[in-house]
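A quick write-up on the structure given underneath.
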2 protein chains.
Amino acid sequence: MTATILVVEDELAIQELIALNLKKAGYLVLCADSAEQARKMSNNVLPDLILLDWMLPDLSGLEFARKLRGEERTKNIPIIMLTARTQEHDKISGLDAGADDYVTKPFSPRELLARIKAVLRRRIPEISDDILEVGGLRLDPVTYRVHAETAGKLIELSVGPTEFRLLHFLMAHKERVHTRTQLLNRVWGDHVFIEDRTVDVHIRRLRKLLEQVGKEHLVQTVRGAGYRFSVEKQEESAEL
Amino acid sequence: MTATILVVEDELAIQELIALNLKKAGYLVLCADSAEQARKMSNNVLPDLILLDWMLPDLSGLEFARKLRGEERTKNIPIIMLTARTQEHDKISGLDAGADDYVTKPFSPRELLARIKAVLRRRIPEISDDILEVGGLRLDPVTYRVHAETAGKLIELSVGPTEFRLLHFLMAHKERVHTRTQLLNRVWGDHVFIEDRTVDVHIRRLRKLLEQVGKEHLVQTVRGAGYRFSVEKQEESAEL
DNA sequence: ATAAACGATGACAATTTTGTGACAAGAAGA
DNA sequence: TCTTCTTGTCACAAAATTGTCATCGTTTAT
């Protein structure tokens, strides 16, 4: 559960404060006060999360984030941007460059910690190529096939590429509710500009497929939140 | 539980003394010896509490407090005034400017610490994604599910989005009374324009759900104050 | 005791959210 | 090129949620 966090911040007072906070919270902390130094550090140790100030002496935090995202080794490390600016366009370009979250100065250490926790918790393990078997469904990422077991018989479903990825993701993270935006980011990709409602349509298509084998209950709607792949029944509240 | 405290005090000896004490008590400390310096610091970091000397070289502590109160980001940070004067009218104008408490010099570190603790205790903690289990209820923010244990059986409740957030908040801050306005701010959001009474209705809906599993006693009314989620039984008012 | 304040409750209409079929643009393949 | 599939968006239908109100029951104060 302990994670290593790399703090890139050139104002030493702030750097120190953050470091203290993080250490108290049980994280391992690395500090750098420039992009160059940060680069060197991440050559040796790959942190679990990077806390990155927007303004750095040698390179803008934005550029640095882009660099990190560009390299295979570092591209999946979550980044939290620390920025003094509050303009909307900055938010967008910060997130666009791959920041997972951002915190504007002045920030409260308490809030920062909460966000760090949130990002780390959100960190979902990479999807592997393992065969997934959940709720009578069997999905094989290698052969791209989905089979359903109904009454002892195995039936293959013809799933389109997108539905396959969607189902794959949902099965890999079953029981957990995913917002439409999360699904777009994880299944379609981080940078797509697609309507949230599109997810609904694909969920619909997925359900249609699962209907053929009587498994449509596996994909559940959580009103106001998102969707969930779940083996447990969705409980009807007893009526009054 | 650890909090960040900004100490604004121009007498270095005192500043140091305070800082030492606070650090010993496990707080994170930032120091400034002028309003100007304090302002710079609060551009970067929002402390959980500000310890503010009445007399500063550049600006009176009073004015500084007013400034803090005037800005959206800082207006909710509790302030403890440190003053050498003991006149009643100073107390009043100090509190008027938004100080939550004040301590007169000379003070005992023990007293200062006690007051700091008291002020910080009022602070409402953040909500996290942890599973909450209270009074036979189990709420899981990740799966968006609420289960109740009745007679050894687990029953899932179908909770709507708002009731879910409300229940989440109440459970996260159990045993504490929340006014309707506080609930609106924390559950609905800060800037909504919704009637206070609406909270009643949602409390009612929540209770209705909990009734199904015989847990309606968990949500209690505190007349004239607000509502409370409590495991302890509501006391029968013993008359005097 | 009576009035005033406060909270509980049921009803309801407006709004929000989700389901669903259709469609056109594009991709892939023959 | 001509099909065939896939996919993102839209419009509308269906369903659930939610804020407000009117009313009623309780407690508190005068």
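Side chains are part of it too, since the values below use all heavy atoms of this structure and drop only hydrogens, waters and symmetry mates. Keep in mind the model is a prediction, meaning the values are calculated, not measured. Note on naming: letters A, B, ... go to the chains in the order of the sequence lines (proteins, then strands), and numbering restarts at 1 for each one.
- Within residues 192-200 of chain B, the residues approached by DNA chain C to less than 4.0 Å at the level of any non-hydrogen atom are B/Arg197, B/Asp200, in residue-number order.
- At a threshold of 4.0 Å, the pair A/Arg115-A/Glu111 counts as salt-bridged, since one of the basic side-chain nitrogens sits closer than that to a carboxylate oxygen.
- Rounded to whole Å, the distance from NZ on A/Lys208 to P on D/dC5 is 15 Å.
- In summary, B/Glu175 and B/Arg228 do not engage in a salt bridge, as defined by a charged side-chain N under 4.0 Å from a carboxylate O.
- Residue pairs satisfying the ring pair (Phe, Tyr, Trp, His ring centres under 6.0 Å) criterion with at least one member in residues 180-200 of chain B, sequence neighbours excluded, are listed as follows: B/Trp188-B/His202.
- Rounded to whole angstrom, the span from the CG atom of A/Leu206 across to the P atom of D/dG8 amounts to 14 Å.
- Direction of the helix axis in the helix from C/dA1-D/dT30 to C/dA30-D/dT1 shifts by 30° between the two five-pair termini, rounded to 10°.
- Whole-Å rounding puts the A/Ile203 CD1 to D/dG8 P distance at 13 Å.
- The span of DNA chain C lying next to chain A, judged by atoms under 4.0 Å from heavy atoms, is bounded 5' to 3' by C/dT17 to C/dA22.
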Between protein and nucleic acid, restricted to nucleotides 24-29 of chain D and to nitrogen or oxygen atoms under 3.5 Å apart, what atom pairs and distances do you find?
none

Short N/O separations, protein against nucleotides 2-4 of chain D, under 3.5 angstrom:
none

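- Using a 4.0 Å cut-off between charged nitrogen and carboxylate oxygen, A/Glu216 and A/Arg207 do not count as a salt-bridge pair.
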